[in-house]
J.: 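Let me give you the structure first, and then I'll get to my questions.
These numbers were taken from a predicted model, which means no experiment stands behind them. So you know, we letter chains A, B, ... as the sequences are listed, proteins then strands, and number each from 1.
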Number of protein chains: 2
Amino acid sequence: MENFDTVSLSFCGGTHNHKNCVTTALDEAEQLCISRGVRLTDARKRVLELVWDSHNPIGAYDVLSKLSQESGKTAPPTVYRALDFLLEQGLIHRIESLNAFVGCSHPKEEHSGLFLICKDCGCAAEVHDAVIDKTILNKTDALGFKAEQRVLEVRGLCPDCVA
Amino acid sequence: MENFDTVSLSFCGGTHNHKNCVTTALDEAEQLCISRGVRLTDARKRVLELVWDSHNPIGAYDVLSKLSQESGKTAPPTVYRALDFLLEQGLIHRIESLNAFVGCSHPKEEHSGLFLICKDCGCAAEVHDAVIDKTILNKTDALGFKAEQRVLEVRGLCPDCVA
DNA sequence: TTCGTTTTGTTATGTTATAACATTTACAAC
DNA sequence: GTTGTAAATGTTATAACATAACAAAACGAA
């Protein structure tokens with residue numbers, strides 16, 4: 001497995017051209033879906049783009065309203081179905097504590113990230129740490145619990161908002 | 001800090017008299033609220049009892065319907081207010097990935113648990129592990145993120161359902 | 001007993017998510 | 001290219017989860 005000990009979505013202060021992130025993510029998604037033999041339809045791609053466009057985690061109904069603005073009346077299932085597809089393919093993550101979604105920048109391999117959510121600016125960074133993964137797995141194993149999915153979210157203040 | 005490296009709510013198969021758990025928890029809650037100078041009113045106490053009575057995590061509206069059965073018409077804010085109070089006092093935990101609540105058996109000290117949630121039987125065990133706490137804190141500190149609250153939930157199969 | 005605070009009641013509404021079924025689209029087999 | 005089938009989308013309705021706002025009651029200190 002590739003080394004993921006990185007902050008994949010930089011904190012809000014990180015000066016990066018988010019447009020590039022989006023383009024790259026969409027291209028990767030396209031390739032990935034082809035290689036998996038699944039269809040990244042226009043609707044799904046557009047939802048993925050809207051999720052990425054929003055720098056911060058975005059709620060399903062916010063995606064819905066943006067979609068409605070550009071395409072006329074749209075109903076919740078349209079959005080939820082696209083989101084479900086994207087979740088299945090690992091192209092986005094759901095932040096449980098926010099009921100919101102963020103793009104994933106390394107969807108190739110299955111993984112559970114650690115999400116650092118700033119209560120002040122609302123930004124969310126996805127972090128990976130093999131030690132954390134191992135530590136938690138050790139614990140669940142020791143208890144005879146067969147772990148399948150993990151939710152790990154930390155709420156607090158990002159470096160920019162601490163300052 | 002007391003040693004919490006234990007499974008505080010046993011897995012569903014654990015043969016324990018749950019009624020005792022409930023009684024003990026209610027007594028403790030009573031004492032704790034007195035010592036903190038906050039009021040564990042009848043409504044709050046009853047909600048706490050209902051949460052404990054349910055061996056598995058219980059949703060706010062399930063609490064509501066039980067409350068309505070015994071006390072006549074009850075509205076959501078009644079339940080949510082009680083749940084909020086109990087959360088503030090650390091007497092219950094919220095499971096984000098289930099939108100549900102569980103009693104906490106060691107509310108004296110503030111803590112963030114690890115919740116093991118069985119997708120089969122629906123049981124949830126609260127576990128504590130200082131190494132996990134430290135590992136995660138190390139990571140957030142290293143990134144300059146000031147952690148305040150943590151959500152750590154693992155979904156899978158409990159020992160009984162694996163077998 | 002009076003006053004201010006906390007708690008509860010009540011009504012309404014906001015937010016998040018899915019069920020169920022009709023229609024359309026993609027695409028492989030012929 | 002037509003046709004059959006599966007996948008995807010459209011559409012309507014509703015379920016599930018949560019809070020805002022204001023009125024009334026209960027509590028407890030002065």
J.: Salt bridge (charged side-chain N to carboxylate O under 4.0 Å, His left out) with A/Lys45: which residues, sequence neighbours excluded?
T.: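 Scan of A/Lys45 (salt bridge (charged side-chain N to carboxylate O under 4.0 Å, His left out), adjacent residues dropped) gives A/Glu30.
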J.: Which Ile, Leu, Val, Met, Phe, Trp or Tyr residues join A/Val151 in one cluster when any pair of side-chain heavy atoms under 4.5 Å counts as a link?
T.: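 A/Val151 clusters with B/Val151.
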J.: Under the salt bridge (charged side-chain N to carboxylate O under 4.0 Å, His left out) rule, collect the residues that match up with A/Glu70, sequence neighbours excluded.
T.: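 Only A/Arg46 meet the salt bridge (charged side-chain N to carboxylate O under 4.0 Å, His left out) criterion with A/Glu70.
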J.: Any salt bridge (charged side-chain N to carboxylate O under 4.0 Å, His left out) involving residues 74-87 of chain A? Give me the pairs, sequence neighbours left out, ordered by first then second residue.
T.: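 Of all non-adjacent pairs touching residues 74-87 of chain A, none passes salt bridge (charged side-chain N to carboxylate O under 4.0 Å, His left out).
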J.: Using whole Å, report how far CG of B/Asp84 lies from P of D/dA20.
T.: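 Value for this atom pair: 10 Å.
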J.: Return each pair, listed once, that meets side-chain hydrogen bond (donor to acceptor under 3.5 Å, both in side chains) where at least one residue sits in residues 141-150 of chain B; pairs must be two or more places apart or across chains.
T.: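 Of all non-adjacent pairs touching residues 141-150 of chain B, those that pass side-chain hydrogen bond (donor to acceptor under 3.5 Å, both in side chains) are A/Lys119-B/Glu148, B/Asp133-B/Arg150.
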J.: Angle class for the B/His128/B/His106 ring planes (parallel below 30°, perpendicular above 60°, tilted otherwise)?
T.: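 Geometry flag for B/His106 against B/His128: perpendicular rings.
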J.: Considering the terminal five base pairs at each end of the helix from C/dT1-D/dA30 to C/dC30-D/dG1, what angle separates the two local helix axes, rounded to 10°?
T.: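 The value is 30°.
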J.: To the nearest angstrom, how far is B/Asn99 atom CG from D/dT19 atom C1'?
T.: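 Checked: the CG to C1' distance equals 14 Å.
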J.: Any chance you could list the contact pattern along nucleotides 21-30 of chain D? Use B for base contacts, S for sugar-phosphate-only contacts and - for none, protein heavy atoms under 4.0 Å, 5' to 3'.
T.: B-----S---
J.: Run the side-chain hydrogen bond (donor to acceptor under 3.5 Å, both in side chains) test against A/Arg44 and tell me which residues pass, sequence neighbours left out.
T.: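 For A/Arg44 there are no side-chain hydrogen bond (donor to acceptor under 3.5 Å, both in side chains) partners, ignoring immediate neighbours.
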J.: Considering residues at least two apart in sequence or located in another chain, which fulfil the ring-ring contact (aromatic ring centres under 6.0 Å, His included) criterion with A/Phe115?
T.: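 A/Phe115: ring-ring contact (aromatic ring centres under 6.0 Å, His included) contacts with A/His93.
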J.: Out of A/Leu26, A/Leu32, A/Thr24, which one pairs with A/Glu28 under the side-chain contact (heavy atoms from CB on, under 4.5 Å) rule?
T.: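 Testing each of A/Leu26, A/Leu32, A/Thr24 against A/Glu28, the sole residue satisfying side-chain contact (heavy atoms from CB on, under 4.5 Å) is A/Thr24.
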J.: By nearest nucleotide on DNA chain C, pick out whichever of B/Ala75 and B/Asp42 is the more 5' one.
T.: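 Taking each residue's closest nucleotide, the earlier one in sequence belongs to B/Asp42.
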J.: Going by number, which of residues 59-74 of chain A have a non-hydrogen atom under 4.0 Å from DNA chain C?
T.: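 Going residue by residue through residues 59-74 of chain A, the ones with a heavy atom under 4.0 Å of DNA chain C turn out to be A/Tyr61.
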J.: Do B/Thr78 and B/Leu64 have side chains that approach each other closer than 4.5 Å (heavy atoms only, starting at C-beta)?
T.: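 No, side chains not in contact.
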J.: Is the shortest distance from a Lys or Arg side-chain nitrogen in A/Arg155 or A/Glu153 to a carboxylate oxygen in the other one below 4.0 Å?
T.: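 No.
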J.: Do A/Val47 and A/Leu83 touch side chain to side chain, with heavy atoms closer than 4.5 Å?
T.: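 Yes, side chains in contact.
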J.: What is the first contacted nucleotide of DNA chain C and what is the last, in 5' to 3' order, if contact means an atom lying under 4.0 angstrom from a heavy atom of chain B?
T.: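 In short, chain B contacts DNA chain C from C/dT7 to C/dT11.
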J.: Output the rounded distance in Å from CG (B/Leu83) to P (D/dT19).
T.: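 Value for this atom pair: 10 Å.
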J.: Share the residues that join A/Leu157 in a hydrophobic cluster, the rule being Ile, Leu, Val, Met, Phe, Trp or Tyr side chains under 4.5 Å apart at the heavy-atom level.
T.: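 Besides A/Leu157, the cluster holds A/Val162.
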